[in-house]
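Step one of this worksheet: look at the structure below.
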2 protein chains.
Amino acid sequence: MTTDTNLKKRISESTIHRLSMYFRTLSLLEKEGFDTVSSKELAKREKLTPAQVRKDLSFFGSFGTRGLGYDVGELKGKIAEILGINRVWRIAVVGIGNIGSALVSYKEFTRQGFHIVKLFDNDQRKIGSNHKGITVSDIQNLEKEIRDANIEMVILTVPATVAQYMVDDVVRAGVKAILNFAPINLKVPPDVYLRNENMSMELEYLSFAIMNNHTPKNVR
Amino acid sequence: MTTDTNLKKRISESTIHRLSMYFRTLSLLEKEGFDTVSSKELAKREKLTPAQVRKDLSFFGSFGTRGLGYDVGELKGKIAEILGINRVWRIAVVGIGNIGSALVSYKEFTRQGFHIVKLFDNDQRKIGSNHKGITVSDIQNLEKEIRDANIEMVILTVPATVAQYMVDDVVRAGVKAILNFAPINLKVPPDVYLRNENMSMELEYLSFAIMNNHTPKNVR
DNA sequence: AATTACATGTGAATTGCTTCACAAGAAATA
DNA sequence: TATTTCTTGTGAAGCAATTCACATGTAATT
Ligand SMILES: NC(=O)c1ccc[n+]([C@@H]2O[C@H](COP(=O)([O-])OP(=O)(O)OC[C@H]3O[C@@H](n4cnc5c(N)ncnc54)[C@H](O)[C@@H]3O)[C@@H](O)[C@H]2O)c1
Ligand SMILES: NC(=O)c1ccc[n+]([C@@H]2O[C@H](COP(=O)([O-])OP(=O)(O)OC[C@H]3O[C@@H](n4cnc5c(N)ncnc54)[C@H](O)[C@@H]3O)[C@@H](O)[C@H]2O)c1
């Protein structure tokens, strides 16, 4: 393990999230026909400081040209590399209900390299049905099918009551990253990454903000 | 404006998010039959330090009993008050597509006081149709209907291409909080709160984590 | 009533993140 | 080629968030 790799362990979550933002904005700038962009312009579009943009990038190398700025296409490529999105990720969705099937229909994921290739449910009425060309598999076959299909990430959209059981199954199948939508604290082994998408939390934040005239520094 | 109000302006976004987490865990503890809970136990369930829990709460008052801990029901009530969720929020969903209709079906929101009472779309095939007992209104009537229904929050689930126009309309209608699902940087006046729900960003974070063996301090 | 055990609430210390400020380098201009 | 203009990359400074550590207080026990 090199020093560089150790370095990356210190990158903050905020920095990663901002890299995602830069990536999206760079795609937009590319479409708008810009060849280069300064940290100042990038910062303006994200409501950040130019120093923040430069510092974030500096953790990974130096990608700009002094006096000129960054080459839009090049920087976009570098960030894709950093984020690991210059490749295809094979994903399974577990729980094909309201939210699960909405996610399956979302073409933008595919365009970004997040390929949903397997769907699982335990409801006999859903098993065998077709969503955007993918047949819903029986949850009973989860482990084998996940392994056979080389799935590395799972989007979990089952009821909170069964979410932990499904996580355990998914982990057993060798999946290393889970995006969970159930409002519950899940346990995963240390080598499995778990992110929670919690919409109620965001509504609660808005509620607090209105009630208290909240004005924090950085709002996502 | 009192000193207390000014105080609240300094509360960090992380603290608010943790209050949401505490609230959910307290609800669970209540169901599990616990009368009291210590900062230690609460912290354990959230993977935080006890000091963090106590510090978060200390910004708003002192709710515990030394030697004993916090009364579960009481603390839950206090946090509900702080977050402003001890009341009903009237919400409209704009854009009744894949994700919009999934959200409308989500009963948990209602249980938490987030009442979705109006739906809007611009598609003639959707206008007039019924979702969970609510008729989809024509987006043309947005301003009047939002005002008449006393809507204070909007969930925005329209394509990114039209999201800014819809925000402008919604702001004009007097809405003070927006939860946006379109992957785009929206502009709102300073007195309107905007939160973005960005699922791609979470997948990108997972991608980065796998590729770099990322081990940050606090993971959501 | 005294003692023990336990857990809060909070200044102080520490850690982490953001912003500052400027030397250094590249491009454009004269 | 020299000069001006512009913008990066980065240590240092400043600020914000987290954790420490303990005085204080309550309840349970003897
Ligand atoms: N719908 C929303 O807008 C929304 C919003 C926020 C959070 N969530 C959360 O997302 C999750 C899914 O919500 P939903 O509204 O789509 O619910 P849903 O009931 O529509 O979908 C859940 C799906 O999971 C399947 N399922 C149940 N047990 C299973 C198992 N053991 N194995 C495999 N599949 C199983 C069900 O058959 C169903 O198809 C829930 O945890 C919910 O709390 C939903
Ligand atoms: N589906 C997902 O899983 C998902 C995931 C992440 C983000 N998003 C984002 O959420 C948004 C909605 O996605 P979706 O998949 O539900 O799309 P969708 O096309 O299914 O739904 C969009 C809805 O908005 C309506 N609409 C379009 N223009 C409108 C206007 N001017 N006024 C009112 N309504 C209008 C359409 O008629 C449609 O019903 C998009 O911005 C998308 O990028 C979706």
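Below, chains carry the letters A, B, ... as their sequence lines are ordered, and counting in each starts from 1.
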Inset, instruction - Please determine if a side-chain N or O atom of B:S39 lies less than 4.0 Å away from the OP1 or OP2 oxygen of C:dA7. - result: no

Legend entry - Flag side-chain contact, heavy atom, 4.5 Å: A:L19 against A:F60: yes

Inset, instruction - Rounded off to whole Å, could you give me the CD1-to-P distance for the B:I16 and D:dA17 pair? - result: 11 Å

Legend entry - Salt-bridge contact B:R18-B:E46 (side-chain N to carboxylate O under 4.0 Å): no

Inset, instruction - Write down the distance between NZ (A:K44) and C1' (D:dT7), rounded to a whole number of angstrom. - result: 17 Å

Inset, instruction - When you get a sec, tell me which of C:dT8, D:dT7, D:dA17 is the closest nucleotide to the side chain of B:S12? - result: D:dA17

Legend entry - Carboxylate-amine/guanidinium proximity below 4.0 Å for A:E41 and A:R45: yes

Legend entry - A:Q52 side chain, from C-beta outward: closest of D:dT19, C:dG9, C:dT19: C:dT19

Legend entry - Separation of D:dT18 P from B:K47 NZ (nearest whole Å): 17 Å

Legend entry - Polar side-chain atom of A:N122 near backbone of A:I139 as donor-acceptor pair, under 3.5 Å: no

Inset, instruction - Scan A:K40 against the nucleic acid and name what it touches under 4.0 Å (heavy atoms): base, sugar-phosphate only, or nothing. - result: nothing

Inset, instruction - Return the orientation label for the A:H17 and B:Y205 ring planes: parallel under 30°, perpendicular over 60°, tilted otherwise. - result: tilted

Inset, instruction - May I have the distance from A:L57 (atom CG) to D:dT7 (atom P), rounded to whole angstrom? - result: 16 Å

Legend entry - Under-4.0 Å salt bridge between A:E204 and B:R24: no

Legend entry - Proximity to the side chain of B:S58 - top-ranked nucleotide from C:dT19, C:dT10, D:dT8: C:dT10

Inset, instruction - Could you tell me whether B:T15 contacts a base, only the sugar-phosphate backbone, or nothing, with contacts defined as non-hydrogen atoms closer than 4.0 Å? - result: nothing

Inset, instruction - Decide yes or no for A:F109 and B:L203: does some side-chain heavy atom of the first lie under 4.5 Å from some side-chain heavy atom of the second? - result: yes

Inset, instruction - Nearest whole angstrom, please: distance from the C1' of D:dA23 to the CZ of B:R54. - result: 13 Å

Inset, instruction - Ignoring backbone atoms, establish whether B:Y70 has a side-chain N or O less than 4.0 Å from OP1 or OP2 of D:dT26. - result: no

Legend entry - Spacing of A:L42 atom CG relative to D:dT7 atom P, expressed in whole Å: 13 Å

List every contact pair, protein side and nucleotides 26-30 of chain C side both N or O, where the distance is under 3.5 Å.
{"unit_1": "C:dA26", "atom_1": "O4'", "unit_2": "A:R66", "atom_2": "O", "d": "3.3"}

Legend entry - Out of C:dA21, C:dT18, D:dC20, whichever nucleotide has its closest atom nearest the side chain of B:A51: D:dC20

Legend entry - Whole-Å distance separating the CZ atom of A:R18 from the P atom of C:dT19: 8 Å

Inset, instruction - Would you kindly give the CD-to-C1' distance between B:E74 and C:dT8, to the nearest whole Å? - result: 14 Å

